Structure formats: C-alpha cells, structure tokens
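Down below is the structure, laid out as structure tokens.
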Amino acid sequence: MPELPEVETIKNDLLPWVKGHRFSQVAILDARIIARGSVEDFCQGLIGQTVTALDRRGKYLLFHLSDNKCLIIHLRMTGVLLLDSGNSGRYTRAVFHFSNGRRIVFNDRRRLGLMWLSNSADPTISKLGPEPLSEDFTPEMLSKRLANHQIPIKAALTDQSIIAGIGNMYADEALFGAGIHPLKRANSLSSTEIYTLFRWIQRTLQAAIQSQGASVNTYLRPDGQQGTAHFQFRVAHRGGEPCSVCSTPIERIEVRGRGTYFCPKCQRLG
DNA sequence: CTTGGGACCTGGCTGC
DNA sequence: TGCAGCCAGGTCCCAA
C-alpha cells in the first residue's frame, strides 16, 4: 500500500528512465483507471509530450510535461508501476511507451488506482496539506493544523488535507515512536507531545525512504524488487506480538474503520 | 465548518 | 475440497 515513502521510492527509481523522454504510445486496458476526461483525450494529450520533471506530492506521482500539463497518478492500495515488464498481465490497466524504447506498465489488482491529465494547478493536489519532510514543515505548523480537530490523532494523521502522505502504517509507527495513544484527540496534545510526534513523523518517513518502502502487501519498486521498510515496523501489522520496548502484546483496534496497532502500555490514553 | 459512516475494489484468508 | 463471508485501506460522497 503505497504511502509517501513508497511513492518517493517509485519517483526516484523512475526518474532516470523517463526524464527527457517522450511518450510515443499509450494503451489503456481499463477505462475506469482514467479519473477525469475521456480515454481518447487522455491518450491524445499524452502522446508526443516529453517528461520535463518527475515529482511527488503526498501520495500522488506527478509527471510534468513539455506543454506545461501534468500526468497525475495515484496508486491507491495495490497499484504498481513496473519498468519494462514482460507481457501484460491479468491486472495490467495501462501501458506507457516511451521514445527511448522503454515502457512503464501500470498493474492494479483492485482497480482503485487512478490517473488523469491536468495542469499544474490541479484542485486535488492543491487541497493537500503540507509535505511532512519539507523544510517549512515545523512543529508549530503541525500544532496549528491539529488545533481545530477533535478527531482521534490517528485519523488526523491520515487526513491528507491536514498532512500529506501519511497512511495507515506510518501513522501507527509514528504514534508508537512518540508514545501517543491513537485515540487521543488531535487538539488535546501537549506542546511536548506535538514536538515528539513531529520528530517521529519525520524519522519514520525518512527511515522508510532509506529502506525503499514497505512491501507488506503488493508494493514493488519499478524494477520488481521489494522494499524492506516493513522489517523495521514495531507495531504496524504486528497484532499480538510482544512490544519491542516492554513486551506487552501489541493490540489491534479500529479507528475510523481502519485497523490500528499500538502498545497499550507505551501509548496511554489518560 | 467538522465529523462519522458507507461505498468502491478484489485477492487472500478463515472457518465450516 | 468447496465456498461464504470477512478483511485490507485511500479517497470520495453524503448526511447530520
């Protein structure tokens, strides 16, 4: 399930293969993958365009094009982008051919992934909260953005309009590192807790990027390799296992309909 | 405005 | 061995 570190890894891996190269052909095998506009307009708008830059915003991948338009891709749960994959598989939804002979295959088992052609001021992208690893993201900014929300902190961290890029796994990991209970109200954190959480958000995401993402489900890097970030997980998907700090069994609860893992001793509510 | 719940999607797992 | 039913979670939509 691609979150910020996974999309960042994909961006870094794809960059040398697409930057400066031209889309020569585009095949859409499942029309549902196109979120806006027609399949025909999508293909026509892409063919002949050169990729001038590759970027990431939250969990979105942005291919900047020579006509100042932008190809936006979201992989959702099970989407993968594979370089030079062999034959199109059962789950192939789209294939991008480039002028250098390379191709990118978009596979997606659950058909939740989406893409569309936009300009640089896309409404979906502009609604996103700040990038947690950017230089202007500060504990003060985090505090301000949490201030008018009394939802559980776990839900606030995965709300893309509050902070961009954090999903279910990394929210659990950051909260464990900071020793904060996932059900604690977002606007009830002390300034010390805010600062600690800020540090752990950055540390967790940076460590996961170093490990090229977490392959807990179907995530693969464009060359087909797995990431290794999940080996460092201390609570995510570790229900019942002993806490690495205090040996208390990791608990699983549901927060806003999402599986949430935490240590009931290291992360107290009261 | 915020909040919470449901919908979407489908392979894999569990239990009978 | 077959199969029903549940689970995974990112995002959108709608009602309160």
Side-chain angles (χ1 to χ4, degrees), chain A residues 1-10 28-37 56-62 72-81 89-94 106-116 118 122-129 131-132 144-175 182-189 204-205 208 213-220 226-227 229-230 233 235-240 250-262:
Chain A
M1 36 208 92
E3 303 180 26
L4 186 154
E6 288 73 32
V7 181
E8 180 72 15
T9 301
I10 292 167
I28 303 301
L29 286 74
D30 181 352
R32 275 185 283 180
I33 201 171
I34 307 297
R36 298 178 202 162
R56 179 193 58 73
R57 184 75 174 87
K59 304 170 191 171
Y60 294 84
L61 198 54
L62 311 175
I72 302 179
I73 298 183
H74 196 301
L75 299 169
R76 294 281 185 97
M77 297 298 297
T78 54
V80 290
L81 295 174
R90 180 179 166 194
Y91 306 117
T92 299
R93 313 298 176 199
F106 188 160
N107 288 348
D108 187 8
R109 238 170 40 184
R110 285 167 62 181
R111 296 183 203 263
L112 290 165
L114 293 171
M115 58 186 184
W116 68 95
S118 182
D122 186 87
T124 300
I125 302 299
S126 54
K127 275 179 208 148
L128 294 172
E131 284 292 322
K144 244 180 208 171
R145 299 193 71 84
L146 295 177
N148 45 0
H149 293 284
Q150 53 179 343
I151 54 174
I153 184 63
K154 164 70 186 286
L157 289 182
T158 56
D159 184 330
Q160 302 302 297
S161 67
I162 297 176
I163 315 175
I166 301 174
N168 210 37
M169 304 182 297
Y170 295 111
D172 284 356
E173 288 300 308
L175 286 171
L183 286 176
K184 183 147 192 171
R185 303 272 166 188
N187 60 359
S188 74
L189 270 61
T204 303
L205 295 175
S215 291
V216 293
N217 203 345
T218 55
Y219 163 75
L220 294 174
Q226 296 198 334
H230 51 295
F233 283 173
V235 289
H237 299 108
R238 293 195 184 279
I250 300 302
E251 273 186 25
R252 179 192 179 277
I253 58 173
E254 208 161 278
V255 180
R256 288 287 258 280
R258 296 295 174 255
T260 299
Y261 300 89
F262 72 107

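The shown structure was predicted, so the numbers you read here are calculated from the model rather than taken from an experiment. Chain A is the first sequence line, chain B the second, and so forth, proteins listed ahead of strands; every chain is numbered from 1.
Once rounded to the nearest 0.5 Å, the distance linking CZ of A:R256 with CG of A:L183 reads 11.0 Å. Annotation: the span from A:N187 atom CG to A:Q150 atom CD amounts to 6.0 Å, rounded to 0.5 Å.
Residue contacts for A:I151: at a heavy-atom cut-off of 4.0 Å it reaches the sugar-phosphate backbone alone, with no base atom in range. The residue A:M1 sits close only to the backbone: its heavy atoms come under 4.0 Å of sugar-phosphate atoms, none of a base. At the heavy-atom level, A:G257 lies nowhere under 4.0 Å from the strands shown.
Spacing between atom CG of A:L114 and atom P of C:dC13 amounts to 11 Å, rounded to whole angstrom units. Atom CG of A:L146 is separated from atom P of B:dT3 by 11 Å (rounded to the nearest Å). The CH2 atom of A:W116 sits 10 Å away from the C1' atom of C:dT11 (whole-angstrom rounding). In this entry the distance linking CG of A:L183 with C1' of B:dT3 reads 15 Å, nearest Å. Summarising the geometry, the separation between CD on A:E254 and C1' on C:dC7 is reported as 10 Å, rounded to the nearest angstrom. The distance between atom CG of A:L128 and atom P of C:dT11, rounded to the nearest whole Å, is 8 Å. For the pair A:D108 CG and C:dT11 C1', the computed distance is 14 Å after rounding to whole Å. Atom CG in A:D159 sits roughly 9 Å away from atom P in B:dT2 (whole-Å rounding).
Summarising the geometry of A:A174 relative to A:T204, their closest heavy-atom pair is CA-OG1, 3.8 Å, with the distance given to 0.1 Å.
Of the candidates A:Y60, A:W116, A:F106, A:I73 forms a side-chain contact (heavy atoms from CB on, under 4.5 Å) with just one, namely A:F106.
Residue A:R258 places no side-chain N or O under 4.0 Å from the OP1 or OP2 atom of C:dT11. Checking the phosphate oxygens (OP1, OP2) of B:dG4, a side-chain nitrogen or oxygen of A:R256 falls inside 4.0 Å. Of the side-chain N and O atoms in A:H74, none sit less than 4.0 angstrom from OP1 or OP2 of C:dG10. Phosphate contact (OP1/OP2 of C:dT11, side-chain N/O of A:K59, threshold under 4.0 Å): present. An OP1 or OP2 oxygen of C:dT11 is reached within less than 4.0 angstrom by a side-chain nitrogen or oxygen of A:Q160.
With salt bridges taken as basic N to acidic carboxylate O contacts below 4.0 Å, none links A:E6 and A:K59.
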What does the list of N/O pairs under 3.5 Å between the protein and nucleotides 10-13 of chain B look like, with a distance for each?
unit_1: B:dT10; atom_1: OP1; unit_2: A:R111; atom_2: NE; d: 2.3
unit_1: B:dG11; atom_1: OP1; unit_2: A:R90; atom_2: NH2; d: 3.1

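Heavy-atom distances to DNA chain B give each of A:L112 and A:R185 a nearest nucleotide, and the one nearer the 5′ end belongs to A:R185.
With hydrogens and angles left out, the side-chain atoms of A:T124 and A:R36 include a donor and acceptor closer than 3.5 Å.
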* **Test side chain to side chain donor-acceptor pair (under 3.5 Å) applied to A:T260 and A:K154, step by step** => CA-CA 8 Å; A:T260 299; A:K154 164 70 186 286; 2.8 Å; yes

